[in-house]
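Chain A is the first sequence line, chain B the second, and so forth, proteins listed ahead of strands; every chain is numbered from 1.
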Number of protein chains: 2
Amino acid sequence: MRESDQQEAAPEQPRRRPGYKRTDEICDGIMGWIVEDRLKPGDRLPQERELMARFKASKSTVREALKALQTQGLIATRTGPGGGAFVAALDGNRAMELLSNYFYFRHPTIGDIYALRKVLEPQMAASLAGRLTQENFSRLEETIRIYDHPAANIGEEYRQRIAELDFHTVLAELCPNPILGFMCSFLQNLLRNLSICRRIYDTPNPELRESALHYQARLIEALREENAVRAASIMFEHMCTAQDYMEACEAEIQDGFLKFDE
Amino acid sequence: MRESDQQEAAPEQPRRRPGYKRTDEICDGIMGWIVEDRLKPGDRLPQERELMARFKASKSTVREALKALQTQGLIATRTGPGGGAFVAALDGNRAMELLSNYFYFRHPTIGDIYALRKVLEPQMAASLAGRLTQENFSRLEETIRIYDHPAANIGEEYRQRIAELDFHTVLAELCPNPILGFMCSFLQNLLRNLSICRRIYDTPNPELRESALHYQARLIEALREENAVRAASIMFEHMCTAQDYMEACEAEIQDGFLKFDE
DNA sequence: AGATATTTGTTCGTATGTATT
DNA sequence: TAATACATACGAACAAATATC
């Protein structure tokens, strides 16, 4: 009774394997359409009613499958007439959210992050030489202006640290190598969200700000000169000193915690 | 930050906004529990029945929310007595699948991939010096044995190319820096799955095999000597020559396609 | 080993919210 | 404004998986 009555004389039959998981079958089926038919973002997918018919599944099951695809950023849905499910391109921010979950239980250290930033950010900076428009430079300088002065309070202090990271994110978004750009942005995001980093950013650290400001101003200069080698070496130094500061703060904070730990 | 000021007082009032999106509310709620209560992999979550009651939502809605969390690898579910939803740790393979979607419409080139491999793989190799057990070495040599001889046919040819990548994946899994290990594995995965690469791997290329074999044997030697610097430099050379071969093949294949393109 | 209880997975029918025309 | 087409939400019942006795 496993291989039940699926001989409806219908042409296409998903075969209804006993180890069922209808939802996953529907997911795989729709993903198959996307790759085989070379569907592109914005292309329509069949509506729920038709999916129910094609997969011989109930509304709830079809909806669970669509929800899974939506969660992965592969489709987007709209209500109303002309609505339905459409192919979508997973955007960078969503991709980083999904990837962040992988590191949620793996606790990368500041050393882990900077080991990568030290090699990736210089290469990213170098790849930008000769590719920035006047508008891009304006945006960078606008970002720098947020932390070109000492912070008046802790709140501003924190916002300045985030803005320093934003500076790098602006660069990463302009990187012609999409993988390199993504990885740089992702590391920046880790720094923004890691709890140890948040604690560091919450404590005043005037040297960190001045150091960043100095390197980033020089970096803009090198990029204006379209000097890739110099941009890379400035960025490398910047990452090295930033790592030193961060790890010093980390040690200090963890020392403090030892006293209060039970 | 969500405004999830759930007044956990006596009257449970999820606020029930008319603008539906109940599913997302439930997702956010459960994710909130995971982070606020510091839940760890394996910890139980309430069962469907109780979730329905807590969120005052129907079974289908709760299930869609659970499906979304499951898709992200944050929970796993089991049927039967004692079953239910459990917190899970997103595993590496699933994380790579999710991230792959980001690059599905962004078409990284072989140059993009190797620009990163050239800096990441050497660092990864260096981090392994003095950390490998006899068992690890055995596994590496076992992998190499798959391609230590010329392939008899196209099928074996392809499997050899995949095994060459597997060699690097074995190393990446042992990398003490989880981010570095993940990124190396991910780049290897991209090479495995990119259609241009599959075409390259499907064509005979004896030089590529011999070159890889040579470098990897020397790499094992350096790792046995626990010589990090030498391991890194061998890996760097390996990546450079591999890139040259791959890009030469890429150009050849694309030349061939130009003739058949309309 | 087999029956049973428990829990997720699936189905169907219906009602409601939302955007287009 | 009303009609329409679509996703979203609800609830009861059924099917399948699995731990326990």
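If you take CD1 of A/I75 and C1' of D/dT8, they are 14 Å apart, rounded to a whole angstrom. Protein atom CG of A/L66 is 8 Å distant from nucleotide atom P of D/dT8, rounded to whole Å. Nucleotide C/dT10 holds its C1' atom 10 Å from the CD1 atom of A/I26, rounded to whole Å. Distance B/F86 CZ to D/dT18 C1': 12 Å, rounded to the nearest Å. The CD atom of B/Q47 sits 8 Å away from the C1' atom of C/dT6 (whole-angstrom rounding). Atom NZ of B/K56 and atom P of D/dC10 are 12 Å apart (whole Å). Rounded to an integer number of Å, the gap from A/L51 CG to D/dC6 P is 12 Å. One interatomic measurement links the two molecules: CD of B/E48 to P of D/dA17, which rounds to 16 Å at whole-angstrom precision.
Minimum atom distance to the side chain of B/T61 is reached by D/dC10, of the listed D/dC10, C/dA19, D/dT18. Relative to the side chain of A/P81, the nucleotides D/dA9, C/dT10, C/dA19 differ in distance, and C/dA19 lies closest.
When the nearest nucleotides of DNA chain C are assigned to A/R78 and A/K59 by heavy-atom distance, the more 5′-ward of the two goes with A/K59. Both B/M52 and A/A85 sit near DNA chain D, but only A/A85 has its closest nucleotide nearer the 5' end.
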Q.
Evaluate A/E142 against A/R139 for salt bridge (Lys or Arg N to Asp or Glu O under 4.0 Å), listing each step before the verdict.
A. CA-CA 5 Å; A/E142 198 177 301; A/R139 181 138 173 248; over 6 Å; no
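Contact annotation: A/R49 side-chain N/O to D/dC6 OP1/OP2 distance is under 4.0 Å. OP1 or OP2 of C/dT10 sits under 4.0 Å from a side-chain N or O of A/T23. Put simply, B/S60 has no side-chain N or O that comes within less than 4.0 Å of OP1 or OP2 on D/dT8. Within the 4.0 Å cut-off from OP1 or OP2 of C/dT11, at least one side-chain nitrogen or oxygen of A/S58 is found. Proximity of A/R63 to the phosphate of D/dA7: no side-chain N or O atom is located under 4.0 Å from OP1 or OP2. Between B/T77 and C/dG9 there is a side-chain N or O to OP1 or OP2 distance below 4.0 Å.
A/T109 and A/D112 share a side-chain donor-acceptor pair at under 3.5 Å. A side-chain donor-acceptor contact under 3.5 Å links A/N136 and A/T133. For the residue pair A/E64 / B/Q70, no side-chain donor-acceptor distance below 3.5 Å is found, with atom types taken as modelled. Side chain to side chain, A/R94 and A/T71 fail the donor-acceptor criterion of an N or O pair below 3.5 Å.
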